Every structure is written in structure tokens, then in C-alpha cells.
S.K.: 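Attaching a single structure in C-alpha cells format; questions to follow.
For clarity, every value in this text was computed on a predicted model and none was experimentally measured.
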Amino acid sequence: MTSFSAIVRPFNVKPTLLPLSRGYRGACWAPPFALDAPHKQAIYGALREVSTLAFGADMAPYWRDRSLDGYLDKITRFYFIHSADDRVVGWTGYHRLTLAGQTCLYLDSTGVLPELQNTGIMTGLFSQFLLTEMLRAGPRGLYVSMRTENPVVYQSFYKVAGERNTFPSLSTPVPDKVQEMGRQLAAWLKQSDKLEAPSLRVMGAYDNLDALYGELPTCDDDNINRYFRQHLRPVDAFLVLARLSLPGILLSLTTKKLGKALRGSRGRAERKAA
């Protein structure tokens with residue numbers, strides 16, 4: 001695969017670089033529509049390569065359709081993730097939308113190479129831009145959404161927002177307001193005819209592909225894996241919507257840091273006792 005620096009060197013708009021863990025960096029164009037046409041095509045070429053490796057399926061048809069639909073002309077922020085040895089290893093981006101009067105970030109196509117999945121690199125990038133967007137949204141908070149068939153993605157939403165704020169829920173009906181947000185999001189995605197609003201299921205969401213994944217990922221929660229297997233075919237997806245508020249996220253981060261500190265203290269005490 002062509003190196004990251006070789007891809008972006010001729011670009012008329014340079015990205016903002018963001019430090020991530022383990023020496024990785026994010027490169028952000030906000031927004032990327034100002035890039036010249038050949039530079040956008042270079043990004044699409046890199047996306048075809050890295051996403052095919054990430055998903056284990058031929059992603060050329062997907063990115064052909066996305067480029068024809070003007071993906072890079074519409075997205076609010078686009079990110080490449082690259083390694084210390086100059087490889088493109090992942091990508092993500094989001095659209096800032098208003099759905100049913102509520103600010104909603106729609107996370108568009110996202111992935112990293114298989115060896116980097118569940119390493120926290122993508123989570124670190126999400127943390128940076130979500131904090132920025134929550135400060136921008138203020139006390140009303142915001143929703144984060146994604147069309148996905150991946151239980152790992154759902155679990156990430158679930159862990160951050162909590163069960164009561166993540167839809168579809170494994171155990172409770174989807175509220176009317178969230179169903180309406182789902183309808184408006186499906187219309188924006190041009191898939192209104194495929195949406196089952198009460199379940200937030202999009203039938204045939206990926207019908208331009210045989211299947212999005214060569215092998216469907218699984219998370220470490222059997223209940224979530226079972227829910228996805230029971231309700232989705234290989235070409236289906238859920239519209240996952242999660243409500244985030246700044247106080248809730250700060251509390252979650254504080255709790256996680258406290259938990260890590262306590263585990264570290266316990267480990268040091270045990271080693272000292274030994």
C-alpha cells in the first residue's frame with residue numbers, strides 16, 4: 001500500500017495531525033470538500049485498499065458508489081489513521097446533522113486493520129472529537145449514530161452511553177422520539193424504504209455488497225452477539241443511536257480512571273506483600 005506521506009504530499013489542503021496511543025496519529029480534514037478532485041480520488045484509492053484489508057471483503061464497489069455520491073464533499077470531518085512507519089491503517093469520519101431538533105453526529109464508514117482492532121486506537125480518536133462536539137453542543141448534549149451490523153461497534157456505544165441511552169435496546173422498546181430520529185436518518189441515507197422504525201433495523205442496508213465482513217466480528221458480550229445474530233442477515237444493519245451528555249461522559253471517564261487507579265494500587269500492594 002502507498003505510504004501515507006506519499007498520498008498526501010501533493011494535496012492542496014494539508015490535514016491537522018492528532019497524536020494517538022502507541023505512536024499512531026490521526027490526520028483530519030475538516031471538511032475535506034476543499035480538496036482538489038485528484039486528491040479526493042487518491043483518498044478513495046487508499047480507502048479501497050485499507051477497508052478491503054480491514055473487512056476481509058472486496059470494498060471497491062462500495063467506495064465506487066460512495067465516491068459517485070460525493071462522500072468527501074458531504075462529510076463534516078474525515079480522518080485517516082497512520083502508523084509510525086507511515087502506513088494508512090484506519091479511517092473514520094462523521095456528519096453533523098439535526099434530527100428531530102437534536103444534534104446528531106452520524107459516524108460514517110469506520111475501520112482499522114484487523115491487528116489493531118480492540119487496541120483502543122480508534123477509541124482514542126473518537127474521544128478527542130466527541131469531547132470537542134459535546135462542548136460545542138453544551139448542556140443539551142447530543143446523539144451519536146451509526147449504521148452497523150457489527151456487535152463490537154454496538155458494545156462501544158453501550159459502554160459509553162449506558163443501556164438506558166443506547167438504541168435499539170436489548171430489552172426495552174425504542175422511544176417514539178428516537179424512532180423519528182431513525183426515520184429522518186434513514187431518509188438522509190436514502191434508505192427510508194428499508195427501515196423498520198420500531199426496531200431501527202435497515203433491511204438490505206448493504207445490498208450493494210455480498211456481505212460487509214468476510215467473517216462477522218463478535219464482542220465479549222454474548223447477549224449482544226446473540227441479539228445481532230437473531231435480528232440481522234449479512235446484508236442488514238441497525239441504526240444505532242446513543243445519547244451523550246457532558247456530565248455523563250465526564251462521570252464515566254472519572255469512574256474508569258478511578259477504577260484503573262484502584263486496580264493499580266491493589267496490584268502494587270499485592271506485589272509488595274509478596
S.K.: How far apart are the C-alpha atoms of F238 and F157, what are their side-chain angles, what is the distance that settles it, and do they pass the ring-ring contact (aromatic ring centres under 6.0 Å, His included) test?
M.R.: CA-CA 13 Å; F238 284 121; F157 280 58; over 10 Å; no

S.K.: Could I get the full list of side chain to side chain contact (heavy atoms under 4.5 Å, CB included) partners for R77, not counting sequence neighbours?
M.R.: C28, A30, Y79, Y94, E133

S.K.: Quick one: does R96's side chain have a donor or acceptor within less than 3.5 Å of a partner on T76's backbone?
M.R.: no

S.K.: Check step by step if side chain to side chain contact (heavy atoms under 4.5 Å, CB included) holds for V89 and V112.
M.R.: CA-CA 6 Å; V89 298; V112 292; 5.6 Å; no

S.K.: Apply salt bridge (charged side-chain N to carboxylate O under 4.0 Å, His left out) to the pair R183 and E180, showing each step before the final yes or no.
M.R.: CA-CA 5 Å; R183 291 187 191 94; E180 178 57 28; 3.3 Å; yes

S.K.: Is there a path of hydrophobic side-chain contacts, each under 4.5 Å between heavy atoms of I, L, V, M, F, W or Y residues, that connects V178 with L239?
M.R.: yes

S.K.: So does G141 get a backbone contact from the side chain of Q102, meaning a donor-acceptor N/O pair under 3.5 Å?
M.R.: yes

S.K.: Report the distance from atom OH of Y71 to atom CZ of F33, rounding to the nearest 0.5 Å.
M.R.: 15.5 Å

S.K.: Measure from the side-chain N and O atoms of Q128 to the backbone N and O of P19, and report whether any donor-acceptor pair falls under 3.5 Å.
M.R.: yes

S.K.: With no hydrogens and no angle check, just 3.5 Å: does a side-chain donor-acceptor pair link T148 and N150?
M.R.: no

S.K.: Can you tell me how far OH of Y143 sits from OG of S245, rounded to the nearest 0.5 angstrom?
M.R.: 10.5 Å

S.K.: Are L107 and V240 connected into the same hydrophobic cluster when the rule is that any two of I, L, V, M, F, W, Y join if their side-chain heavy atoms are below 4.5 Å apart?
M.R.: yes

S.K.: Under 6.0 Å from the CZ atom of R25, do we count more than 12 heavy atoms belonging to anything else shown?
M.R.: no

S.K.: Run K74 and D69 through side chain to side chain contact (heavy atoms under 4.5 Å, CB included) and show every step you take.
M.R.: CA-CA 9 Å; K74 298 176 180 179; D69 192 46; 3.3 Å; yes

S.K.: Shortest non-hydrogen contact from V50 to L113?
M.R.: CG2-CD2, 3.8 Å

S.K.: Starting at CD1 of I81, measure out to CH2 of W91 and round the result to the nearest 0.5 Å.
M.R.: 9.5 Å

S.K.: Would you give the length of the straight line joining atom CG of L97 to atom CG of L142, rounded to the nearest 0.5 angstrom?
M.R.: 11.5 Å

S.K.: Verify the cluster assignment for L68 and I75: are they in a single hydrophobic cluster under the rule of side-chain heavy atoms below 4.5 Å apart?
M.R.: no

S.K.: Any chance you could lay out the side chain to side chain contact (heavy atoms under 4.5 Å, CB included) test for L170 and Y154, step after step, and finish with the verdict?
M.R.: CA-CA 11 Å; L170 303 185; Y154 180 90; 3.9 Å; yes

S.K.: Supply the atom-to-atom distance L241 CG to K177 NZ, rounded to the nearest 0.5 angstrom.
M.R.: 11.0 Å

S.K.: Please check if L99 and V144 belong to a single hydrophobic cluster, counting links between Ile, Leu, Val, Met, Phe, Trp and Tyr side chain heavy atoms closer than 4.5 Å.
M.R.: no

S.K.: When you look at Q191 and R147, which way does the side-chain hydrogen bond (donor to acceptor under 3.5 Å, both in side chains) test go after all the steps?
M.R.: CA-CA 11 Å; Q191 292 191 324; R147 180 183 58 184; 2.9 Å; yes

S.K.: Kindly compute the distance separating OH (Y106) from CG (L189), expressed to the nearest 0.5 Å.
M.R.: 4.5 Å

S.K.: Is the backbone of A34 close enough, under 3.5 Å, to the side chain of N12 for a donor and an acceptor to pair up by distance?
M.R.: yes

S.K.: Would you say the side chains of S5 and D86 form a donor-acceptor pair under 3.5 Å?
M.R.: yes

S.K.: Does E196 use its side chain to pair, donor to acceptor, with the backbone of M203 at less than 3.5 Å?
M.R.: no

S.K.: Main chain of P10, side chain of H39: is a donor-acceptor contact present, judged purely on distance under 3.5 Å?
M.R.: yes

S.K.: Hey, any chance L116 and F80 share a hydrophobic cluster, counting ILVMFWY side chains that come within less than 4.5 Å of each other, even indirectly?
M.R.: yes

S.K.: Can you confirm whether C104 sits close enough to L185 that some side-chain heavy atom of one is under 4.5 Å from a side-chain heavy atom of the other?
M.R.: no

S.K.: M146 and T110: side chain to side chain contact (heavy atoms under 4.5 Å, CB included), yes or no, with the steps?
M.R.: CA-CA 10 Å; M146 192 172 191; T110 294; 3.7 Å; yes

S.K.: Check this for me: K14, atom NZ, are more than 12 non-hydrogen atoms of other residues, nucleotides or ligands nearer than 6.0 Å?
M.R.: yes

S.K.: Examine distances only and state if a side-chain atom of D58 and a backbone atom of A60 form a donor-acceptor pair shorter than 3.5 Å.
M.R.: yes

S.K.: Can you check whether A242's main-chain N or O pairs, donor with acceptor, with T166's side chain at less than 3.5 Å?
M.R.: no

S.K.: Under the side-chain hydrogen bond (donor to acceptor under 3.5 Å, both in side chains) rule, collect the residues that match up with S171, sequence neighbours excluded.
M.R.: E163

